[in-house]
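Note sheet for the following structure.
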Amino acid sequence: MSAYSSDLDLKVTDATGNGVEVDVATNLLNGTVRLSVLWTQEIYLHPDDAERVAQSLLRAAEQDRRITGIQSSGTD
């Protein structure tokens with residue numbers, strides 16, 4: 001069983017249609033956030049998809065803070 005929990009709301013694939021996917025996951029043991037590009041080294045995103053990835057990373061950061069008890073530094 002993996003310690004990572006993927007953001008199931010994130011459904012983003014490469015803009016060129018080659019099936020490459022983005023995954024954002026939080027380690028439930030230590031709160032670290034993993035950003036993965038699956039099946040390749042790079043991905044090309046439409047603006048709306050790039051925003052979805054950014055929102056997913058923000059959700060993962062908040063989950064990290066809940067796991068570790070660390071508050072935001074306010075340096076957004």
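Legend: residues meeting side chain to side chain donor-acceptor pair (under 3.5 Å) with Asp23, ordered by chain and number and at least two apart, are Ser6, Arg34. Taking Arg59 as the reference, Asp7, Asp9, Gln55, Ser56 meet the side-chain contact (heavy atoms from CB on, under 4.5 Å) condition, with sequence neighbours excluded. For Leu8, the side-chain contact (heavy atoms from CB on, under 4.5 Å) test picks out no residue, with sequence neighbours left out. Listed by chain and residue number, Arg52 satisfy the side-chain contact (heavy atoms from CB on, under 4.5 Å) test with Asp48 (two or more places apart in sequence, or in another chain). Under the side chain to side chain donor-acceptor pair (under 3.5 Å) criterion, Thr32 pairs with Asn30, sequence neighbours left out.
One hydrophobic cluster, built from ILVMFWY side chains closer than 4.5 Å, cannot hold both Tyr4 and Val12; they sit in different ones. Linking ILVMFWY side-chain heavy atoms closer than 4.5 Å, directly or via other members, places Val53 and Val20 in a single hydrophobic cluster.
Annotation: side chain of Ile67 is in contact with side chain of Thr26 (closest heavy-atom distance under 4.5 Å).
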Determine all donor-acceptor pairs shorter than 3.5 Å in which one atom belongs to a side chain in residues 37-47; sequence neighbours excluded.
unit_1	atom_1	unit_2	atom_2	d
Trp39	NE1	Glu21	OE2	3.4
Glu42	OE2	Tyr44	OH	2.6

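Counting all heavy atoms, side chain and backbone alike, Thr68 lies closest to Gly31 at CG2-CA, 4.4 Å.
Distance CG/Leu10 to CG/Leu35: 9.0 Å, rounded to 0.5 Å.
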